[in-house]
Peer 1: 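I have a structure I would like to understand better, so I am pasting it below and will then ask my questions one at a time.
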Amino acid sequence: MPLTIRQFPCLSDNYGFIFRDEASGRTACVDTPDAQAVLAALDDAGWGLDFILNTHWHPDHAGGNAQVQAATGAKIVGPAEVTRIAPLDRTVADGDVVEVGETRFAVIGCGGHTLGHVAYFAREAHVAFVGDTLFALGCGRVFEGTAQQMWTSLDRLAALPGDTAVYCAHEYTASNARFALSVDPDPAVKARAEAVFAARARGEATVPTTIALERATNPFLRAPQLAGMPGAPDYESFAAIRAAKDSFKG
Ligand code: ZN
Ligand code: FE
């Protein structure tokens with residue numbers, strides 16, 4: 001059975017997501033970037049809220065947990081690191097399964113941006129909520145983990161089915177596209193960048209993306225081909241591309 005997903009922009013460049021498992025009517029939100037925006041989206045949809053699924057502990061992801069829970073009674077599910085800023089009702093880690101009605105989400109550990117970051121992948125629904133790990137044409141900054149850990153995490157996400165819709169937590173795509181153009185001459189990157197700039201000029205979201213599109217054009221997933229470091233481990237090529245992005249002035 002399908003999921004109905006509603007996506008809304010909030011804060012300066014975050015996306016919030018609420019979804020409903022149509023078979024059961026069960027609902028969830030992914031992260032709580034802005035409690036008021038999450039509650040307004042639920043109100044607009046006419047939905048209650050059964051679960052909050054957190055990807056990581058950062059305040060623009062878990063900062064609204066208490067307020068959303070107080071207003072809806074939702075149970076909060078997330079990696080242990082979230083307890084740095086808010087309590088959890090259920091702690092999850094890599095390999096766990098979270099059921100929202102009949103939709104089963106595999107919890108994928110993808111540390112690097114933060115050590116305990118997780119993604120939620122629903123194979124039958126062809127959907128992944130990836131927080132700040134994989135972005136459209138980009139990836140999260142490596143704040144807590146190592147480049148090797150982040151590369152392993154991105155590699156796991158890249159191995160999901162190509163038709164998986166990837167819901168990233170920020171609209172960073174135009175800036176990511178400017179960087180991608182600076183390191184990757186592939187015509188597919190140029191075509192995608194132009195489509196991204198046009199979409200943003202029209203005020204349209206560039207999220208969700210797909211795993212197939214990211215495999216083909218994301219400079220971080222393509223780091224081994226782009227970094228010009230033959231013989232080096234892939235994670236070192238990734239680290240080089242990540243460092244170039246961190247200092248990119250585009
Ligand atoms: Zn973050
Ligand atoms: Fe974030």
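Order of listing sets the numbers, starting from 1, for every ligand and every atom in it.
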Peer 1: Give the minimum heavy-atom separation between Asn218 and Leu137, together with the two atoms involved.
Peer 2: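 Smallest heavy-atom distance, with atoms named: ND2-C, 3.4 Å.
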Peer 1: Looking only at N, O or S atoms in Asp132, which is nearest to the Fe ion (ligand 2)?
Peer 2: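 The nearest such atom is OD2.
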Peer 1: Between His58 and His117, is the ring centre distance below 6.0 Å?
Peer 2: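 For His58 and His117, the ring centres are not under 6.0 Å apart.
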Peer 1: Thinking salt bridges, do Asp184 and Arg192 make one under a 4.0 Å N-O criterion?
Peer 2: no
Peer 1: Does His61 bring an N, O or S atom to within less than 2.8 Å of the Fe ion (ligand 2)?
Peer 2: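 Of the N, O and S atoms in His61, at least one lies under 2.8 Å from the Fe ion (ligand 2), which means yes.
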Peer 1: Salt bridge check: are Asp50 and Arg26 linked by an N-O gap of less than 4.0 Å?
Peer 2: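 Answer for the salt bridge query: yes.
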Peer 1: Looking at the Fe ion (ligand 2), is one of the N, O or S atoms of His56 less than 2.8 Å from it?
Peer 2: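 Within the cut-off used here (under 2.8 Å), His56 places no N, O or S atom near the Fe ion (ligand 2).
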Peer 1: Is the centre of the Tyr167 ring less than 6.0 Å from the centre of the Phe19 ring?
Peer 2: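 No, the ring of Tyr167 stays outside the 6.0 Å limit from the ring of Phe19, centre to centre.
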Peer 1: May I ask you to decide if the ring planes of His56 and His113 are parallel, tilted or perpendicular, using 30° and 60° as cut-offs?
Peer 2: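 Perpendicular.
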Peer 1: Only counting residues at least two apart or in another chain, list the ones meeting side chain to side chain contact (heavy atoms under 4.5 Å, CB included) with Pro224.
Peer 2: Trp151, Asp234
Peer 1: What protein N/O/S atoms sit under 2.8 Å from the Zn ion (ligand 1), by chain and number?
Peer 2: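 Listed by chain and number, the nearby protein N, O or S atoms are His56 NE2, His58 ND1, His113 NE2, Asp132 OD2.
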Peer 1: Nearest N/O/S atom of Asp60 with respect to the Fe ion (ligand 2), by atom name, please.
Peer 2: OD2
